[in-house]
Undergrad: 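I'd like to ask some things about the structure below.
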Amino acid sequence: MTRFSEKIQTLTRLFLPTAAELTAIAEQFKQEMTAGLGGKGSLKMLRSYLSKPTGQEKGQYITIDFGGTNIRLQLVELLGSGNTRIKVQRSFPLKEPAGFYDYTSSLANAEDLFDFIASQLGELLEDNRPYLLGHTFSFPSEQLTANRAVLLSWTKEIKTAGMEGQEITSLLEAALIRKNLHQVKPTAIINDTTGTLLTAAYRYPQASIGSICGTGHNTCYLEPQEPSTGEPMIINLESGNFHGIPLTPYDIALDQASEKPGQQLLEKAVAGQYLGELARLILLDLWDQPQLLPPYSLKTQDLATFLGDHSKQFTVISSWLQQNCPELKPSQDNCAALRMVAELVTTRSAKLVAATYAGVLKHMDPELNRQHFIAVDGSLFEKMPSYQEHIKQSLVDILGEKVARISLGLVKDGSGTGAAIAAASCGA
Ligand code: GLC
């Protein structure tokens with residue numbers, strides 16, 4: 001066996017957890033949930049002050065989707081009986097590609113950011129009619145009520161100054177006043193996982209888990225009896241911060257070089273923001289060429305492209321190598337390594353995510369007596385080849401035949417529609 005194929009074998013052992021290992025991770029995740037509800041451990045278990053919708057909420061609502069480097073504004077109509085319609089939509093980057101502005105950098109502050117959002121909102125509104133607004137703010141936030149939330153810490157490498165520790169709705173309200181948008185009333189603030197669960201539950205009553213597998217990763221679920229109220233409540237796990245997974249030397253190197261070392265360890269192993277970088281670190285080690293590709297130059301979309309190349313000659317992969325890495329020969333071995341590493345990091349991501357879903361299911365319904373629908377949004381889940389199949393297979397490996405009671409599917413636009421549903425529930 002060559003040194004190269006030995007290395008590949010070691011990587012496979014390192015990256016692909018067995019069914020028994022996944023089952024143990026699921027069990028530990030379940031225990032962390034119990035600890036988190038008591039304020040301990042790595043899962044923040046943040047209250048939403050929202051339960052499932054009835055499906056009969058109606059009306060038109062303005063929504064803001066703030067989840068990363070883009071903002072999306074929508075006018076959403078809820079029609080009842082599970083039907084919804086997006087009437088108007090505008091998206092814009094918070095970080096201008098040519099570098100004219102960047103509201104996600106530490107040089108921008110909360111006022112700059114919210115003034116920018118409010119002026120974009122002003123351009124969307126065509127009249128002075130009063131509107132209730134639902135805001136999807138997809139960062140770990142301690143909810144004080146369904147409409148007030150304090151940002152605990154930035155994730156996904158965002159750095160805007162003066163926002164951590166601040167109550168976000170007040171910042172938005174102040175900007176709306178500065179921009180003379182007195183007719184807009186913020187009414188609910190939610191996480192994107194909550195938005196996904198609300199959107200799914202508006203249509204399917206058995207929806208009990210909402211999750212995002214995109215740039216970031218996180219999950220929420222319907223807690224049957226939230227300890228402080230004794231009532232059903234959607235809880236945002238902030239599961240990206242789960243610390244119970246085995247870390248490889250590559251995970252550790254990625255974490256050390258990240259904006260917040262020691263935090264969001266699951267997210268750094270599974271989410272789109274990081275998978276390309278993780279693959280890059282493995283490849284540089286495999287090729288023994290530490291200077292080859294600059295940090296974060298290999299994107300998670302590139303991994304999807306590699307996985308989509310089924311040609312014998314690796315046509316797509318070798319032309320990627322020629323363009324992005326002219327120093328390296330686009331040999332069969334090198335192309336195969338790219339494909340292999342893409343497979344390893346994306347498969348591990350799906351397996352770990354599945355283990356956390358199994359943990360949530362075991363917490364909610366230990367014997368799995370009920371039907372559950374897991375609603376997932378995000379580009380990784382939607383577009384990465386074989387990702388959904390790996391999640392499903394791992395759920396079978398962990399849950400056995402009871403998996404027949406579980407369904408899993410893509411629910412898109414939860415950040416817009418879900419915010420409208422939340423605004424409707426709170427504004428009623
Ligand atoms: C990050 C955020 C979390 C969000 C997730 C998906 O993990 O901390 O709040 O739900 O990304 O966008």
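Atoms within each ligand, like the ligands themselves, are counted from 1 in listed order.
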Undergrad: Check if G240 has a non-hydrogen atom at a distance under 4.0 Å from any atom of ligand 1.
TA: no
Undergrad: Give yes if a backbone or side-chain nitrogen or oxygen of N236 is under 3.5 Å from a nitrogen or oxygen of ligand 1, and no if not.
TA: no
Undergrad: Answer yes or no for P140: is there a heavy-atom contact with ligand 1 below 4.0 Å?
TA: yes
Undergrad: Which residue and atom name correspond to the protein heavy atom nearest atom 1 (C) of ligand 1, and how close is it?
TA: E267 OE2, 3.1 Å
Undergrad: Using a 3.5 Å cut-off on N or O atoms only, is T193 in polar contact with ligand 1?
TA: no
Undergrad: Show the atoms of ligand 1 that are less than 4.0 angstrom away from any heavy atom in T155.
TA: 1 (C), 2 (C), 8 (O)
Undergrad: Give the residue and atom name of whichever protein heavy atom lies nearest to atom 9 (O) of ligand 1, and the separation in Å to one decimal.
TA: E238 OE2, 2.5 Å
Undergrad: I'd like to check which ligand 1 atoms, numbered from 1 as shown, lie under 4.0 Å from a non-hydrogen atom of I212.
TA: 6 (C)
Undergrad: Below 30° counts as parallel, above 60° as perpendicular, anything between as tilted: where do the rings of F116 and Y101 land?
TA: tilted
Undergrad: Considering all heavy atoms of both residues, which atom of K44 and which atom of P140 are nearest to each other, and what is their separation?
TA: CD-CB, 4.3 Å
Undergrad: Rounded to the nearest 0.5 Å, how far does CD1 of I234 lie from CG of N191?
TA: 10.5 Å
Undergrad: Out of all atoms in ligand 1, which are within 4.0 Å of some heavy atom of N191? Include the element for each.
TA: 3 (C), 4 (C), 9 (O), 10 (O)
Undergrad: Under 4.0 Å from a heavy atom of G216: which atoms of ligand 1 are those, numbered in the order shown and with their elements?
TA: 6 (C), 11 (O)
Undergrad: Taking D251 for the side chain and A269 for the main chain, is one N or O donor matched with an acceptor at less than 3.5 Å?
TA: no
Undergrad: For atom 6 (C) of ligand 1, what's the nearest protein heavy-atom neighbour? Residue, atom name and distance, please.
TA: D192 OD2, 3.3 Å
Undergrad: Is the terminal nitrogen or CZ of K185 (NZ for Lys, CZ for Arg) located under 6.0 angstrom from the six-membered ring centre of Y131 and within 45° of that ring's axis?
TA: no
Undergrad: To the nearest 0.5 Å, how far apart are NE2 in H135 and CZ in F66?
TA: 6.5 Å
Undergrad: Can you measure from CD (E164) to CZ (F139) and round to the nearest 0.5 angstrom?
TA: 10.5 Å
Undergrad: First locate atom CD of Q60, then atom CD of Q74, and finally report the distance between them rounded to the nearest 0.5 Å.
TA: 13.0 Å
